[in-house]
Engineer: 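Right, I'll just put the structure down here and ask away after.
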Amino acid sequence: MNTPQPSPNRSILYGLLSLAGGIGFIYYFIWRPLEAMAQKQDNISYSYKGVGIGPFFVVFGLYLLIMRPAVLKPAQMSQGQRVIYWVMVGLSLVLAIGTFLWFKHRVGELGYSI
């Protein structure tokens with residue numbers, strides 16, 4: 001019995017969705033609040049999760065667009081693909097944490113506290 005091979009188009013679709021979602025998160029949860037704080041507006045809302053998730057999605061979306069893995073589950077990947085996958089997940093997490101720390105520093109510079 002032949003099992004159908006996954007299409008690389010699925011990686012492209014998920015990569016584009018992840019990239020678009022990440023850019024949306026960055027705009028909504030990082031850019032807009034910082035602009036409002038720079039203009040000294042009141043009642044500013046932000047989300048810790050949104051600050052971290054946006055950069056994670058951007059990096060992971062770029063991974064999917066550049067590498068175009070045939071399968072999206074690490075257990076089904078070859079050893080080399082799995083190493084690259086986990087390195088990219090790690091880089092995504094480091095970038096998310098770094099972005100949060102930068103956001104926290106920038107908020108302090110603008111005279112607000114988190």
Engineer: Enter the distance from S92:OG to I53:CD1 here, rounded to the nearest 0.5 Å.
Structural biologist: 12.5 Å
Engineer: Return yes if some donor-acceptor pair links the side-chain N/O of S11 with the main-chain N/O of P69 below 3.5 Å, else return no.
Structural biologist: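 Answer holds: yes.
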Engineer: So, do Y46 and F29 have ring centers that fall under 6.0 Å from each other?
Structural biologist: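 Centroid separation for Y46 and F29: 6.0 Å or greater.
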Engineer: Is there a side-chain contact between V107 and L34 (heavy atoms, below 4.5 Å)?
Structural biologist: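 Yes, their side chains come closer than 4.5 Å.
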Engineer: Quick one: CE on M88 to CG on L93, what's the gap to the nearest 0.5 Å?
Structural biologist: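 If I round to the nearest 0.5 Å, the distance is 11.0 Å.
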Engineer: Taking all atoms of both residues into account, what is the closest heavy-atom pair of M77 and R82, and its distance?
Structural biologist: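 Shortest heavy-atom separation between M77 and R82 comes out as O-NH2, 2.7 Å.
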Engineer: Does any N or O in the side chain of R32 come within less than 3.5 Å of the main-chain N or O of Y27, such that one atom is a donor and the other an acceptor?
Structural biologist: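 The answer is no, because no donor-acceptor pair under 3.5 Å joins these two groups.
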Engineer: With rounding to the nearest 0.5 angstrom, report the CZ to CZ distance, R68 to R10.
Structural biologist: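 The CZ atom of R68 sits 15.0 Å away from the CZ atom of R10.
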Engineer: Do other residues, nucleotides or ligands put more than 12 heavy atoms under 6.0 Å from the NZ atom of K40?
Structural biologist: yes
Engineer: Give a yes or no on whether V94 and I84 share a hydrophobic cluster (residues Ile, Leu, Val, Met, Phe, Trp, Tyr; joining criterion: side-chain heavy atoms under 4.5 Å apart).
Structural biologist: no
Engineer: Would you indicate whether the side-chain heavy atoms of Y112 and I44 approach each other to under 4.5 Å?
Structural biologist: yes
Engineer: Which heavy atom of I12 sits nearest to which heavy atom of L65, and what is that distance?
Structural biologist: O-CD2, 3.6 Å
Engineer: Can you classify the ring geometry of F60 versus Y63 as parallel (below 30°), tilted (30 to 60°) or perpendicular (above 60°)?
Structural biologist: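 Rings of F60 and Y63: tilted, 30 to 60°.
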Engineer: I need the L110 CG to E35 CD distance, nearest 0.5 Å.
Structural biologist: 9.5 Å
Engineer: Minimum heavy-atom separation for V51 and F100, please, with both atom names.
Structural biologist: CG1-CA, 3.7 Å
Engineer: Compare every heavy atom of F57 with every heavy atom of G22, then report the nearest pair and how far apart it is.
Structural biologist: CA-CB, 3.6 Å
Engineer: Test of understanding: clusters of I, L, V, M, F, W, Y form through side-chain heavy atoms closer than 4.5 Å, transitively. Do W31 and Y48 belong to the same one?
Structural biologist: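 No: no chain of side-chain contacts under 4.5 Å links W31 to Y48.
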Engineer: Determine the minimum heavy-atom distance between Q39 and Q41, stating which atoms define it.
Structural biologist: OE1-NE2, 2.8 Å
Engineer: May I ask you to decide if Y14's main-chain N or O and S18's side chain share a donor-acceptor pair within less than 3.5 Å?
Structural biologist: no
Engineer: For the CG atom of L62 and the CG atom of L91, what is their distance to the nearest 0.5 Å?
Structural biologist: 11.5 Å
Engineer: Would you name the heavy atoms of P55 and T99 that are closest together and state the gap between them?
Structural biologist: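 That would be CG-OG1, 3.4 Å.
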